[in-house]
Peer 1: 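Have a look at the structure that comes next, please.
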Amino acid sequence: DQTPREYRKRVDASFASDRAFVRRAESLLPAGTMVWKLPYQPLPENGPIEKMQDYGLLRGYLNSTTLRWSYGAVKGREADRWIRTLKDRPAAEQLELAARSGFGAVYVDRRGFADQGVGMEATLRERLGPPLAQSDDGFLAIYRLQPTGVSAVRLEELLPPIETPIRFDLA
């Protein structure tokens with residue numbers, strides 16, 4: 001009741017854009033498709049990344065009934081460790097590992113990148129073609145990814161090998 005009307009209009013327009021975008025994506029992707037979300041944002045309470053608000057990646061999840069989303073793994077848990085390990089890889093390698101892990105789409109929130117996603121989307125367009133859908137406000141895009149596996153690549157495969165074993169009998 002004390003929120004300025006201009007702010008409410010912006011929030012309402014943003015929500016409508018998000019909802020229409022997710023509904024378009026759901027109509028173009030099979031039910032149950034796993035969606036790899038970019039950029040990585042820790043949960044909970046990380047703070048904004050560039051111009052993307054904290055919890056900004058919940059937009060897809062909150063508006064969806066048929067898709068599965070990579071965002072939402074809680075910091076300190078194995079799922080978050082797996083996602084963080086992938087996010088440190090080059091974009092092309094992330095796509096390959098996400099596909100091997102059963103992901104069928106890549107969601108990009110352009111606000112989360114310093115370059116508004118230009119670099120990341122250049123790789124996505126090169127590898128996957130044009131976006132399957134974009135939000136009316138231009139902030140969100142989703143690309144179709146062809147899954148090549150059905151379960152997550154084991155975390156042990158993603159971690160660098162330990163070259164020197166830890167010895168507890170030496171100083």
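Side chains included, hydrogens not; waters and symmetry mates left out as well; all remaining heavy atoms used. In this chain, numbering begins with 1 at the start of the sequence shown.
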Peer 1: Please identify each residue that fulfils salt bridge (charged side-chain N to carboxylate O under 4.0 Å, His left out) with D115, with sequence neighbours left out.
Peer 2: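 Checked D115 against salt bridge (charged side-chain N to carboxylate O under 4.0 Å, His left out); zero matches.
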Peer 1: If you look only at distance, which donor and acceptor atoms sit under 3.5 Å apart when one is on a side chain in residues 117-132 and the other is two or more places apart or in another chain?
Peer 2:
from : atom 1 : to   : atom 2 : distance (Å)
E121 : OE1    : R110 : NH2    : 3.1
E121 : OE1    : Y143 : OH     : 2.4
E121 : OE2    : R110 : NE     : 2.5
E121 : OE2    : R110 : NH2    : 3.4

Peer 1: Scan residues 56-75 for pairs that pass ring-ring contact (aromatic ring centres under 6.0 Å, His included), counting only residues two or more places apart or in two chains.
Peer 2: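 Pairs touching residues 56-75 that pass the test: W69-Y107.
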Peer 1: Which residues pass the side-chain hydrogen bond (donor to acceptor under 3.5 Å, both in side chains) test with R77, sequence neighbours left out?
Peer 2: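 Partners of R77 under the side-chain hydrogen bond (donor to acceptor under 3.5 Å, both in side chains) test: none.
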Peer 1: Looking at residues at least two apart in the chain, or sitting in another chain, which of them share a side-chain contact (heavy atoms from CB on, under 4.5 Å) with R19?
Peer 2: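 Partners of R19 under the side-chain contact (heavy atoms from CB on, under 4.5 Å) test: F15, R23, N63.
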Peer 1: Please collect all side-chain hydrogen bond (donor to acceptor under 3.5 Å, both in side chains) contacts where either partner lies in residues 33-43, sequence neighbours excluded, each pair once.
Peer 2: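 Qualifying pairs, neighbours excluded: W36-Q94, Y40-D80.
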Peer 1: Report the residues that fulfil salt bridge (charged side-chain N to carboxylate O under 4.0 Å, His left out) with E50, sequence neighbours left out, ordered by chain and then residue number.
Peer 2: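 Partners of E50 under the salt bridge (charged side-chain N to carboxylate O under 4.0 Å, His left out) test: none.
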Peer 1: Considering residues at least two apart in sequence or located in another chain, which fulfil the salt bridge (charged side-chain N to carboxylate O under 4.0 Å, His left out) criterion with R68?
Peer 2: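 Partners of R68 under the salt bridge (charged side-chain N to carboxylate O under 4.0 Å, His left out) test: none.
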Peer 1: Once salt bridge (charged side-chain N to carboxylate O under 4.0 Å, His left out) is applied, what residue pairs with a partner in residues 89-102 remain, sequence neighbours excluded?
Peer 2: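 Salt bridge (charged side-chain N to carboxylate O under 4.0 Å, His left out) check on residues 89-102 returns R89-E93, E96-R100, R100-E157.
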Peer 1: With sequence neighbours excluded, tell me which residues meet salt bridge (charged side-chain N to carboxylate O under 4.0 Å, His left out) with R144.
Peer 2: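 For R144 there are no salt bridge (charged side-chain N to carboxylate O under 4.0 Å, His left out) partners, ignoring immediate neighbours.
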Peer 1: Among residues at least two apart in sequence or on other chains, which ones pass side-chain contact (heavy atoms from CB on, under 4.5 Å) with T66?
Peer 2: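 T66: side-chain contact (heavy atoms from CB on, under 4.5 Å) contacts with E26, A31.
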Peer 1: Is there a donor-acceptor pair closer than 3.5 Å between any side-chain N or O of D54 and the backbone N or O of N46?
Peer 2: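 Side chain of D54 to backbone of N46: a pair is present.
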Peer 1: Residues two or more places apart in sequence or in another chain: which of them pass side-chain hydrogen bond (donor to acceptor under 3.5 Å, both in side chains) with S14?
Peer 2: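 Counting only residues at least two positions away or on another chain, S14 forms a side-chain hydrogen bond (donor to acceptor under 3.5 Å, both in side chains) with R59.
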